[in-house]
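First comes the structure, then the notes that go with it.
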There are 2 protein chains.
Amino acid sequence: MAKHDTDLSDLFHALADPTRRSILTHLAQGPAPVSELAEPTGLRLPTVMRHLAVLEEAGLIATSKDGRVRTCAIVPEALMPMRTWLDEQRVIWESRLDRLDDYVKKVMKERET
Amino acid sequence: MAKHDTDLSDLFHALADPTRRSILTHLAQGPAPVSELAEPTGLRLPTVMRHLAVLEEAGLIATSKDGRVRTCAIVPEALMPMRTWLDEQRVIWESRLDRLDDYVKKVMKERET
DNA sequence: CAGATAGTTAGACATATGGCTAAGCATGAC
DNA sequence: GTCATGCTTAGCCATATGTCTAACTATCTG
């Protein structure tokens, strides 16, 4: 299991939290200071800080401090590994789709009874 | 926060674990019984069962029992919400880049004068 | 029926996660 | 210098997660 694997796990893990996804969506509008990001979440600053730390470790955001204000910004390229994984999976999964589709339908039918 | 949100969180969470991703990759080769999935992970059966439960709750796999054998199979459509989210983000994130681009151009122009 | 096979359930346990409060530490405004 | 602002650190707490062992159920096989 390469570091590549860890990257993906961190990425998925970071995105698994609604608060963090909403922070990302907010940041998509442009860079913002910590407090501005905290405000709409209704969470306390330290809590938001930890979310930001998770996002930063996953490489999804970059931050820098100017005076006493820390500005956060998204790192668009960060989603690439995920996109790549998704595309890989699609290729494999879809190559079996016809066969699996039959199987899944059979399973679903059995479930209903 | 709608059900949609929970779906995404569950999906990302399910995919955040390397063991679960490897199980999915294995299943991409075709449906398989529990023990066959457990073997390459080096984990005990109950542990693998829990991973399978997580995958099933996220809608990523479907299972059915025939005799004493439970067969698992991937559910390709399950990745759709994630793909959709990813595409949405790409649109926003990239439009942000465009805006930044505009901003830079504006600054450069102002500098010239 | 006896024994092997394939899952399943229950419960224990260590660590991780997400939230909070209460201080603490720079920096900017007066 | 003093005070407000904005972030940080430290530490607490409840719940969730990933792993295991041990014991149980259900289903073939002979």
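This one's a predicted model, so the numbers in the text were calculated from it and none came from an experiment. Letters go in sequence order (proteins before strands), and every chain restarts at 1.
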Over 12 foreign heavy atoms within 6.0 Å of CZ, A:Arg83: yes

Side chains of B:Leu27 and B:Ile23, heavy atoms from C-beta outward: is any pair under 4.5 Å? yes

Nearest whole angstrom, please: distance from the C1' of C:dC20 to the CG of A:Leu43. 10 Å

By nearest-nucleotide position on DNA chain C, the 5'-leaning member of A:Val54 and A:Asp66 is A:Val54

Atom-pair distance (CG on A:Leu45; P on D:dG6), nearest Å: 10 Å

May I ask you to test the A:Val34-A:Leu52 pair for a side-chain heavy-atom distance under 4.5 Å? yes

Taking atom P of C:dT17 as reference, at what distance in whole Å does atom CZ of B:Phe12 sit? 17 Å

Are A:Leu15 and B:Trp85 packed together at the side-chain level, in the sense that at least one heavy-atom pair is separated by less than 4.5 angstrom? yes

Any chance you could measure B:Glu36, atom CD, to B:Gln29, atom CD, to the nearest 0.5 Å? 10.0 Å

Would you say a side-chain N or O of B:Thr47 is under 4.0 Å from OP1 or OP2 of D:dC20? yes

Are any of A:Arg44's side-chain N or O atoms less than 4.0 Å away from OP1 or OP2 of C:dT21? yes

Taking the nucleotide of DNA chain C with the nearest heavy atom to each, does A:Pro46 or A:Arg20 sit closer to the 5' end? A:Arg20

Send over the distance from B:Glu39 CD to C:dT5 P, rounded to a whole Å. 16 Å

Between B:Arg70 and C:dT8, does any side-chain N or O lie under 4.0 Å from OP1 or OP2? yes

Atom CZ of A:Arg50 and atom C1' of D:dC12 are separated, to the nearest Å, by 12 Å

Between C:dT15 atom C1' and B:Asp17 atom CG, what is the distance in whole Å? 14 Å

Taking 4.0 Å as the cut-off, does a side-chain nitrogen or oxygen of B:His13 come that near to OP1 or OP2 on D:dA16? no

Whole Å only: how far is the CG atom of B:Leu52 from the P atom of D:dT17? 16 Å

Taking for each residue the nucleotide of DNA chain D with the nearest heavy atom, is it A:Arg68 or A:Met49 whose nucleotide lies nearer the 5' end? A:Arg68

Separation of C:dG18 atom P from A:Leu15 atom CG, nearest Å, is 12 Å

